[in-house]
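The chain is numbered in sequence order, starting from 1. Computed from heavy atoms alone, side chains included, the values below leave out hydrogens, waters and symmetry copies.
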Amino acid sequence: MTKKRGDAEKLSRQAVRAGRRYIVAAGGDGTLNEVINGVVGAAHRPRIGLLPLGTGNDFARTLGLPFSLEENIDILRASKTRAIDVVRVQSRRARYFINVSAGGFSGIVRNKITPAIKRNWGPLAYIRGAAAALPKLHAYKTRIVLDGREELSTAVYNIVIANGRFVAGGLPIAPEADPSDGLLDVILIPKRSPAEMALLAAEIILGNHFSNTALIFRRARKIAVRSRPGMWFNVDGELVGSAPAEFQIVPHALNFVRQ
């Protein structure tokens, strides 16, 4: 059992050092993130399993895991594995993540989602946080370098770096992302009029936003981000630091139990 932030990372690191071959995270995306940070780079690679018991369970959706506890236990017992990529982000500190990092408006939203809001609002916590953060919506003058070659300079509201497909309890922000392909999906939401942003928000909810010409989409293995003002990034729903930030894919870093 975990009692405070950081416990799952500490316990999983201890388990790896003790030679455990199978570690299961029973919780949400935040718990899974801590477990990953406890095991990535260890001398041996245990199998990682997931019981999706959290608020959002977004990476579980990417893997296509069922919502039934009994069905997930059957999957864990079968122990079929799939090689999964992770992402290393370097900002104020280094951190690994498995699902999605978002900077800009999303960072402000995450800062508004208190434990009480998560507890009381459940899967709707992100919407509640977005409503509280809306008065602080502003654009960031941003420079992004992809794989050391392509450079983009634009004013954006949001940057999404995706290894998985879903955020905020099921929003399909990167519907074509594959956590085993060795690539990150990069989604930029540029500064637009309120009417255009309302349309784009509706398209994101439906998973149709890639048809919107305002959106900028790229794939890369390494992404460097600088912005004015410095945008805050969250990884797997937890704040990690602000720009400048650098993201690097770590291919097939985990043996993840799947269906």
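Annotation: side chain of F166 is not in contact with side chain of L171 (no heavy-atom distance under 4.5 Å). The closest side-chain heavy-atom distance from I189 to V156 is not below 4.5 Å. Counting only heavy atoms from C-beta outward, the side chains of P66 and I75 approach each other to under 4.5 Å. In this structure, the side chains of M1 and K3 stay at 4.5 Å or more apart for every pair of heavy atoms. Counting heavy atoms from C-beta outward, N163 and N99 have side chains that stay 4.5 Å or more apart. Side chains of V160 and V186 form no contact here, defined as non-hydrogen atoms less than 4.5 Å apart. Between V87 and I98 there is no side-chain heavy-atom pair separated by less than 4.5 Å. Between V257 and L50 the shortest side-chain heavy-atom distance does not fall below 4.5 Å.
Counting heavy atoms of neighbouring residues, nucleotides and ligands inside a 6.0 Å radius, atom CZ of R226 does not exceed 12 of them.
Under a hydrophobic-cluster definition in which Ile, Leu, Val, Met, Phe, Trp and Tyr are linked whenever side-chain heavy atoms come within less than 4.5 Å, directly or via other members, V100 and L215 are assigned to the same cluster. Linking ILVMFWY side-chain heavy atoms closer than 4.5 Å, directly or via other members, places V235 and L63 in two distinct hydrophobic clusters. Hydrophobic clustering of Ile, Leu, Val, Met, Phe, Trp and Tyr side chains at less than 4.5 Å, counting indirect connections, unites I144 with V89. Cluster annotation: L65 and V86 are assigned to the same hydrophobic cluster (Ile/Leu/Val/Met/Phe/Trp/Tyr, side-chain heavy-atom contacts under 4.5 Å, transitive). Note on I48 and V250: same hydrophobic cluster, where clusters join Ile, Leu, Val, Met, Phe, Trp and Tyr whose side-chain heavy atoms are under 4.5 Å apart, directly or indirectly.
Using a 3.5 Å distance cut-off with no hydrogens or angles, the side chains of R47 and S79 do pair a donor with an acceptor.
Between atom NE2 of residue H252 and atom CZ of residue R82 there is a gap of 8.5 Å, rounded to the nearest 0.5 Å. Rounded to the nearest 0.5 Å, atoms OG (S91) and CE (M231) are 11.5 Å apart. In this structure, CG in L184 is found 4.5 Å from CD1 in I223, a value given to the nearest 0.5 Å. Here the straight-line distance linking atom CD1 of I23 with atom CZ of R13 works out to 11.0 Å at 0.5 Å rounding.
Between the side chain of E34 and the backbone N or O of E9, at least one donor-acceptor pair lies under 3.5 Å. In this structure a side-chain-to-backbone donor-acceptor pair under 3.5 Å is missing from S101 to I161.
For P229, the side chain to side chain contact (heavy atoms under 4.5 Å, CB included) partners at least two apart in sequence or on another chain are H138, Y140. Under the ring pair (Phe, Tyr, Trp, His ring centres under 6.0 Å) criterion, F247 pairs with F233, sequence neighbours left out. F97 pairs by the ring pair (Phe, Tyr, Trp, His ring centres under 6.0 Å) definition with nothing, not counting sequence neighbours. For A78, there are no side chain to side chain contact (heavy atoms under 4.5 Å, CB included) partners, not counting sequence neighbours. For D181, the salt bridge (charged side-chain N to carboxylate O under 4.0 Å, His left out) test picks out no residue, with sequence neighbours left out. Residues passing the salt bridge (charged side-chain N to carboxylate O under 4.0 Å, His left out) test with D85, sequence neighbours excluded: none. Not counting sequence neighbours, the partners of K4 by the salt bridge (charged side-chain N to carboxylate O under 4.0 Å, His left out) test are D7.
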Donor-acceptor contacts, no H, no angles, side chain residues 146-154, under 3.5 Å, sequence neighbours left out:
unit_1: D147; atom_1: OD1; unit_2: R221; atom_2: N; d: 2.9
unit_1: D147; atom_1: OD1; unit_2: K222; atom_2: N; d: 2.9
unit_1: D147; atom_1: OD2; unit_2: R221; atom_2: N; d: 3.4
unit_1: E150; atom_1: OE1; unit_2: R218; atom_2: NE; d: 3.3
unit_1: E150; atom_1: OE2; unit_2: R218; atom_2: NE; d: 2.8
unit_1: E150; atom_1: OE2; unit_2: R218; atom_2: NH2; d: 3.1
unit_1: E151; atom_1: OE1; unit_2: R143; atom_2: NH2; d: 3.2
unit_1: E151; atom_1: OE2; unit_2: R143; atom_2: NE; d: 3.0

Tabulate below the donor-acceptor pairs under 3.5 Å that side-chain atoms of residues 14-22 make, not counting sequence neighbours, or state none.
unit_1: Y22; atom_1: OH; unit_2: L76; atom_2: O; d: 2.7

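Considering every non-hydrogen atom in both V35 and A25, the closest pair reads CG2-CB, 3.9 Å. Closest non-hydrogen pair, D58 versus G170, comes out as OD1-N, 2.8 Å. Heavy-atom minimum distance, A177 versus R165: O-NE, 2.7 Å. When all heavy atoms are compared, the tightest approach of R88 to A94 is NH2-CB, 3.4 Å. Between S180 and I84, the shortest heavy-atom contact is OG-CD1, 3.7 Å. Considering all non-hydrogen atoms of both residues, G27 and N57 come closest at O-OD1, 3.7 Å.
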- request: For side chain to side chain contact (heavy atoms under 4.5 Å, CB included), just list the numbers for T142 and V225, CA-CA rounded to whole Å, side-chain angles, deciding distance to a tenth of an Å, and then say yes or no.
  value: CA-CA 7 Å; T142 307; V225 180; 4.0 Å; yes
- request: Check the pair V39 / L254 against side chain to side chain contact (heavy atoms under 4.5 Å, CB included), numbers first and verdict last.
  value: CA-CA 9 Å; V39 304; L254 296 175; 3.9 Å; yes
message: Working note: R219 + E176, criterion side chain to side chain contact (heavy atoms under 4.5 Å, CB included); need CA distance, chi angles, decisive distance, verdict.
response: CA-CA 11 Å; R219 283 199 170 106; E176 299 176 3; 3.7 Å; yes
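Note on residues 23-33: pairs passing side-chain hydrogen bond (donor to acceptor under 3.5 Å, both in side chains), not counting sequence neighbours, are N33-N37, N33-R95, N33-D236. Residue pairs meeting the side-chain hydrogen bond (donor to acceptor under 3.5 Å, both in side chains) criterion with at least one partner in residues 62-78, sequence neighbours excluded, are S68-E70. Screening residues 30-59 for ring pair (Phe, Tyr, Trp, His ring centres under 6.0 Å) gives F59-F256 as the qualifying pairs, with residues at least two apart or on separate chains.
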